[in-house]
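Proteins come first, then strands; the chains are lettered A, B, ... in the order of their sequence lines, and each starts at number 1.
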Amino acid sequence: MEKTAGPGTEPVIEVVDLSKSFGDLHVLKGANLEVIQGENLAVLGKSGSGKSVLIKLMVGLLKPDQGSIRILGQEVSTLGRKELDALRLRIGFSFQNSALYDSMSVYENLSFPLTMNVKNLSRKEVNLAVAEALEAVGLADKGKQMPSDLSGGQRKRIGIARTLILKPEIILYDEPTSGLDPVTCTEINELINEVQQRYNTSSIIITHDLTCAKNTAQRVAMLLDGTFPKVGTFEEVFTTHDPHIRDFYNYNFIE
Amino acid sequence: MKGRSSETSSERPVSSRRYLFGRGVDDYFKGIANAAAFVGRFFKEVFRLPIHLREIIRQSYYTGVKSLPLIALTGFIIGVVFTKQSRPPLEDFGATSWLPSLMGIAIIRALGPLVTSLICAGKVGSNIGAELGSMKVTEQIDAMEVSAINPFKFLVVTRVLATTFTIPILTIFCISVGLLGSYVNVHQEEATGIITFFRGAFSSLSFLDVASSLAKSVLFGFTVGMVGCYKGFHATQGTQGVGRAANQAVVLSMFLIFLEELVVVQITNWIRLY
């Protein structure tokens, strides 16, 4: 599998001193992170460590208790509804369980965000955009099917296609390979790399699958106890004697 | 040490009960505040663009057209049954000729709006609660939000408008079919003609009766849609939460419908007096 190279130098996501708690549960405790334009950054961590919370804070689904998130030069927590929606159009969010609309066909799932956000599109233009997104994820013939007819891997792909339809500059993947068999995981990893190459996107990939992180990300960030003590290339992060990080590595690669 | 331990163990249940009671009261008022904010948000969003007319029509179809057979059957049966039940006491006074008038009052003033809205609370309200609850727990509502689509406007406003528009229409339909059921029975037993029956049915009714009946059905329609959406939108804890949302949508909307019926009847009677 080929990883794309050549991220720029401009940060597209800057997280500074970010904290978030749910009651007595302190999930993020002054986390700092930066994503460079054009790079894939994998965020690793245990289940419940706050990985998904981090990206939900980025798109304004949750509000931070403290700290700052700047995306494409805009401070997320200070944006009004209209500005936040405008920013959201530049960010794709691929959900862990795909979150496809059950009552809509695959075609409608893809055309829905497009027709709701871009005015005066002709039917031909919508059809073309849907066909392009479906072709990008290798499921060109699935437009008429309902989400319930698709396999887990196909649902993930359609979920990614739905984010691509609005041509985002940033894609946030929440556990893209969870619950999939190794072969499908490899296909999804390849798809993430293809999307990065084809659309020149910057991405955060939330995962606890080290194979996914190793094959898709230029850098990885390890979320431990609410902060990112280790950020760097896969080799830099896992060349360590920190027992928490070693345990994580050993479980994934059965050492 | 021993004394201290016994003191703690005797005090803990009281403070724990107080804590739980306090938390229960707190949650109750928070729930009311949340529901009020939800209704307030509806009135804020309903006057904003876009209107999502296609979705309103789609929801109206599911609420209205899909409920027609059930409403028709129930309305007809109620018309027949109430006429049959009302006949013996009137027969005792030789006053069966009052049956059309009595049934007109009963069906138009009370039974039509009440029966229609209760059926819709069970059929439509539970469906809205379960559908939105399922969308909530499977992150479909979040997916709309991150696609820059206002889920409240698209899901809640459209459904509440659909129930508010269609339940009054269904009520008129239910009243018509109910009166027809009553006529069939009266015609069979007393050989009353259709014109005589309907003239009798409407003779004791005033404009206020018809207006209050329609106003009630609008209010009931709004309640069914709003409660279903509120419960669905706030569903938590997976599939169990979806079931709970559907169940609570039915129970709460039925309770509120009876409460509103009481209030509207009281107000109508005051208006009638003055």
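No other option in A:Asn97, A:Asp102, A:Leu100 has as many heavy-atom pairs under 4.5 Å with chain B as A:Asp102. Of all the listed residues (B:Ala143, B:Pro50, B:Ser134), the one sharing the greatest number of non-hydrogen pairs under 4.5 Å with chain A is B:Ala143.
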Item to complete: Could you walk me through whether A:Thr177 and A:Asp209 pass side-chain hydrogen bond (donor to acceptor under 3.5 Å, both in side chains), step by step?
Response: CA-CA 7 Å; A:Thr177 57; A:Asp209 173 3; 3.0 Å; yes
Discussion item. Before you tell me yes or no, could you show the steps for A:Thr184 and A:Glu187 under side-chain hydrogen bond (donor to acceptor under 3.5 Å, both in side chains), namely the whole-Å CA-CA distance, both residues' side-chain angles and the distance that decides it to 0.1 Å?
Written reply: CA-CA 5 Å; A:Thr184 313; A:Glu187 288 170 8; 4.8 Å; no
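By a heavy-atom distance cut of under 4.5 Å, A:Arg81, A:Asp85 are the residues of residues 70-87 of chain A near chain B, going up by number. Residues of residues 49-68 of chain A that come within less than 4.5 angstrom of chain B, heavy atom to heavy atom, are A:Lys56, A:Val59, A:Leu61 in numerical order.
Counting only distance, with no hydrogens or angles, the side chain of B:Glu131 and the backbone of B:Ile128 share no donor-acceptor pair below 3.5 Å. With B:Asn127 contributing its side chain and B:Lys123 its backbone, the two residues share no donor-acceptor pair below 3.5 Å. Remark: side-chain polar atoms of B:Lys231 are not paired, donor with acceptor, to backbone N or O of B:Asn247 under 3.5 angstrom. Checking side-chain atoms of A:Arg162 against main-chain N and O of A:Ser98 turns up a donor-acceptor pair under 3.5 Å. Checked by atom type and distance alone, the side chain of A:Asn109 pairs as donor or acceptor with a backbone atom of A:Tyr101 at under 3.5 Å.
A donor-acceptor contact closer than 3.5 angstrom is absent between the side chains of A:Thr216 and A:Asn40.
Under the 4.0 Å criterion applied to side-chain N and carboxylate O atoms, A:Glu169 and A:Arg90 are assigned as salt-bridge partners. Salt-bridge formation is detected for the pair B:Glu261/B:Lys216: a Lys NZ or Arg NE/NH1/NH2 atom is positioned less than 4.0 Å from an Asp or Glu carboxylate oxygen.
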